[in-house]
Amino acid sequence: MKFPEPRGPITSTLFRALACTPGSDEGSAAVDELRLLAARHLTASADIIGDDDVQLALFCLYELHYSGLEGINDEWEWEPGLIQVRRLIERPFEAALRAAAASASASAAESVTLPPAGELTSDAVADILFGLAASDTGPSVSRFVAKKATLDQVKEFLIHKSIYQLKEADPHTWAIPRLTGRPKAALVEIQADEYGGGRPERMHSALFARTMRGLGMEDRYGAYVDAVPAVSLAAVNMMSLFGLNRRLRGAITGHLAIYEMTSSQPNRLYGNGFRRHGFDADVTHYFDEHVEADAVHEQIAGRDLAGGLVEAEPGLLTDVLFGAAAAMAIDGRLSAHLLASWENGMTSLRAAVPAAA
Ligand SMILES: [Fe+2]
Ligand SMILES: [Fe+2]
C-alpha cells in the first residue's frame, strides 16, 4: 500500500519513523517520540473510534502484518517499539468497541434470549446470533443504494467498502491457527470460498476489484484510504484487532458470523442498485456471488464456527457476542454517517477522491 497522507501528529511521526531503518538512532528517536505522543493523545481523545489520527495510525500499524507499506523496511513489522504503540492504541480502542457493543446488544436484548448454561449447544448459539442479526432494524444503506443512490453515491459506497473488500477475508484468516477441531474446519471451509476455491479470479477481493474497474475506479489496494473517514478505518481495524489477538478468538468468530448473517439480502439490494444504473453482470458479479454464498456461509459460521467454538469453550460466549455486537455497532455508525451525508446532499468522504484509473 502507498503511504497515506498523515492526519495529525501521531501519523506524521509514525510515517517519519517508518521512513528510517529500524534500530537506527533516528528511527528509535522517532518511535520514542511516537510512544509519548500517542499516550498523551489517547488519554485526551473523547472518541477513539472517530479519531482520524488514531485510526489511521492503527490501520498502518496493522498493515505491516498484511501487505506492508510501499518502500519501508519489512523489519518494522516486529519492532518492539511499534508493537508497544499498537498495544497502547488497542487497549482504549477495545474498550470503546466494548462500550459500543454493549449499547448495541442492550437495544437488541428483547430479541435475544440466552439459554441456561447447560443448554449452550452450537444450535442455540447460532439462534442467538440470528436473533441479534434480525434485531438490526436501523436505516439501511442497501435499501438506499437499491432505490435512490446517485452514481456518485454508489461510487462513494464502493470507496468505503474498498478499504476492507480489496483484502476481503484476510483478517479472519488470522484466527485459523488459533482454533482447533470443528470451528477450525468451519472457518477453513468459509475462507476457501472467500479465496475463490483455488481460482484467483474468483477470489472475493478480485470480484470486488472487477466491480471497481467496471465503474472506472482505481482497484489497487488502499488507493482510497485518504478519502475515507475514521469510522471506515475503525471497521477494518476492529477485525484486525480481533484476528491478531488470540485471546479475542471468540470475537473474531462472532464478527464473521454476524457479517455472513447480514450479507445475503443487502447484497441482493446492492446488486439492484448497480443494475438500476445500467451496469451488467460483470459489475454485479461480486454482489450476486454473496447472495448465494453467504446464505450458506451464515449457517456454517453460526453453527459450526461460532457455535462449535462456544460448545468447546463455553466461557467464550461473551466474546462471541461482543464481536457480533461490535460489528453491528460500527456498521450502524458508518451507515448513519453515509445516509446522513447523502440525505443532506453532501459527500460522505473526507477528501477529494483521487482521479480514477
Ligand atoms: Fe465474501
Ligand atoms: Fe461469505
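Put simply, the side chain of Asn73 gets close to the backbone of Glu75: a donor and an acceptor are under 3.5 Å apart. Gln299 places no side-chain N or O within 3.5 Å of a backbone atom of Val296 that could act as its donor or acceptor partner. A donor-acceptor pair under 3.5 Å links the side-chain atoms of Thr211 to the main chain of Val283, judged by distance alone. Between the Asp53 side chain and the Thr11 main chain, a donor and an acceptor come within less than 3.5 Å of each other. Formation of a donor-acceptor pair under 3.5 Å by the Arg276 side chain with backbone atoms of Ala149 is found in this model. With hydrogens and angles ignored, the 3.5 Å screen pairs no side-chain donor or acceptor of Thr284 with any backbone N or O of Phe287. Side-chain N or O atoms of Asp280 include one that pairs as donor or acceptor with a backbone N or O of Asp282 at under 3.5 Å. Thr43 places a side-chain N or O within 3.5 Å of a backbone atom of Ala39 that can act as its donor or acceptor partner. Glu5 contributes no side-chain N or O that, together with a main-chain N or O of Asp226, makes up a donor-acceptor pair within less than 3.5 Å. With His337 contributing its side chain and Ser348 its backbone, the two residues share a donor-acceptor pair below 3.5 Å.
Heavy-atom minimum distance, His65 versus Trp174: O-CH2, 3.1 Å. When all heavy atoms are compared, the tightest approach of Glu311 to Ser122 is OE2-N, 2.6 Å. In this structure, Ile49 and Ala234 approach most closely via the heavy-atom pair O-CB, 3.8 Å. Across Asn245 and Glu90, no two heavy atoms sit closer than the pair ND2-OE2, 3.5 Å. Between Glu201 and Ala206, the shortest heavy-atom distance links the atoms O-CB, 3.9 Å. Between Asp294 and Ser264, the shortest heavy-atom distance links the atoms CB-N, 4.3 Å.
More than 12 heavy atoms of other shown residues, nucleotides or ligands fall within 6.0 angstrom of atom CZ in Arg220. Other residues, nucleotides and ligands contribute over 12 non-hydrogen atoms within 6.0 Å of the CG atom of Asp47. Heavy-atom contacts from other residues, nucleotides or ligands closer than 6.0 Å to CG of Asp74 number 12 or fewer.
Side-chain contact check for Glu156 and Thr347: at least one donor-acceptor pair (N or O, by modelled atom type) lies under 3.5 Å.
The aromatic rings of Tyr164 and His172 sit perpendicular to each other, their planes meeting at more than 60°, with 30° as the lower class boundary.
To the nearest 0.5 Å, atom CG of residue Leu309 and atom CZ of residue Arg249 are 7.0 Å apart. Once rounded to the nearest 0.5 Å, the distance linking CZ of Arg303 with CD of Glu298 reads 9.0 Å. Taking CG of Leu233 as the start and CG of Asp51 as the end, the distance is 11.0 Å to the nearest 0.5 Å. Separating the CG atom in Leu61 from the CG atom in Leu34 is a distance of 7.5 Å, to the nearest 0.5 Å. Interatomic distance, CG of Asp219 versus OH of Tyr224, reported as 8.5 Å (0.5 Å rounding). Separation of atoms CG (Asp319) and CD (Glu313) is listed at 10.5 Å; rounding is to 0.5 Å.
Contact annotation: the side chain of Val228 never approaches that of Phe59 to less than 4.5 Å [non-hydrogen atoms, C-beta and beyond]. In this structure the side chain of Phe93 never reaches within 4.5 angstrom of the side chain of Leu42, judged on heavy atoms. Counting only heavy atoms from C-beta outward, the side chains of Asp288 and Phe274 never approach each other to under 4.5 Å. Side-chain contact between Thr173 and Lys167 is absent, with no heavy-atom pair separated by less than 4.5 Å. Counting only heavy atoms from C-beta outward, the side chains of Leu305 and Ile300 never approach each other to under 4.5 Å. The closest side-chain heavy-atom distance from Leu215 to Val154 is below 4.5 Å. Proximity of Met1 to Tyr66: side-chain heavy atoms (C-beta onward) are nowhere separated by under 4.5 Å. Here the side chains of Phe157 and Tyr270 are in contact, with some heavy-atom distance below 4.5 Å.
Remark: His277 pairs with no residue by the ring-ring contact (aromatic ring centres under 6.0 Å, His included) rule, at least two apart or across chains.
Among the candidates Arg86, Arg247, Arg87, the single residue satisfying the salt bridge (Lys or Arg N to Asp or Glu O under 4.0 Å) test with Glu94 is Arg247.
Cluster membership for Ile89 and Leu244, using ILVMFWY side-chain heavy atoms within less than 4.5 angstrom, is shared. A single hydrophobic cluster is not seen to contain both Leu316 and Ile258; linkage of ILVMFWY side chains at heavy-atom distances under 4.5 Å, directly or through other members, places them apart. Hydrophobic clustering of Ile, Leu, Val, Met, Phe, Trp and Tyr side chains at less than 4.5 Å, counting indirect connections, unites Leu58 with Leu334. Following chains of ILVMFWY side-chain contacts shorter than 4.5 Å, one can reach Leu56 starting from Trp76, so the two form part of one hydrophobic cluster. Transitive grouping of hydrophobic side chains (ILVMFWY, heavy atoms separated by less than 4.5 Å) brings Tyr62 and Leu69 into a common cluster.
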Next item on the list: Show the numbers, then the answer: is there a side-chain contact (heavy atoms from CB on, under 4.5 Å) between Val310 and Thr253?
Entry: CA-CA 10 Å; Val310 173; Thr253 67; over 6 Å; no
Note to self: For a side-chain contact (heavy atoms from CB on, under 4.5 Å) check, start with the C-alpha distance between Tyr259 and His297, then their side-chain angles and the critical distance, and finish with the verdict.
What the structure shows: CA-CA 10 Å; Tyr259 248 47; His297 290 172; over 6 Å; no
Item checked: Steps toward side-chain contact (heavy atoms from CB on, under 4.5 Å) verdict (Leu269, Gln265) -> CA-CA 7 Å; Leu269 295 173; Gln265 179 60 14; 4.2 Å; yes
Next item on the list: Go through the steps for Leu256 and Phe242 under the test side-chain contact (heavy atoms from CB on, under 4.5 Å), then give the verdict.
Entry: CA-CA 10 Å; Leu256 183 57; Phe242 294 164; over 6 Å; no
Note to self: Apply salt bridge (charged side-chain N to carboxylate O under 4.0 Å, His left out) to residues Asp32 and Arg35 and explain how you reach the verdict.
What the structure shows: CA-CA 5 Å; Asp32 288 343; Arg35 201 168 39 233; 2.6 Å; yes
Atom pairs and distances, side-chain donor-acceptor, residues 13-23, under 3.5 Å, sequence neighbours left out:
{"from": "Thr13", "atom 1": "OG1", "to": "Pro9", "atom 2": "O", "distance (Å)": "2.6"}
{"from": "Arg16", "atom 1": "NH2", "to": "Glu33", "atom 2": "OE1", "distance (Å)": "3.2"}
{"from": "Arg16", "atom 1": "NH2", "to": "Glu33", "atom 2": "OE2", "distance (Å)": "2.9"}

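In this structure, the ring of Tyr286 has its center less than 6.0 angstrom from the ring center of His290.
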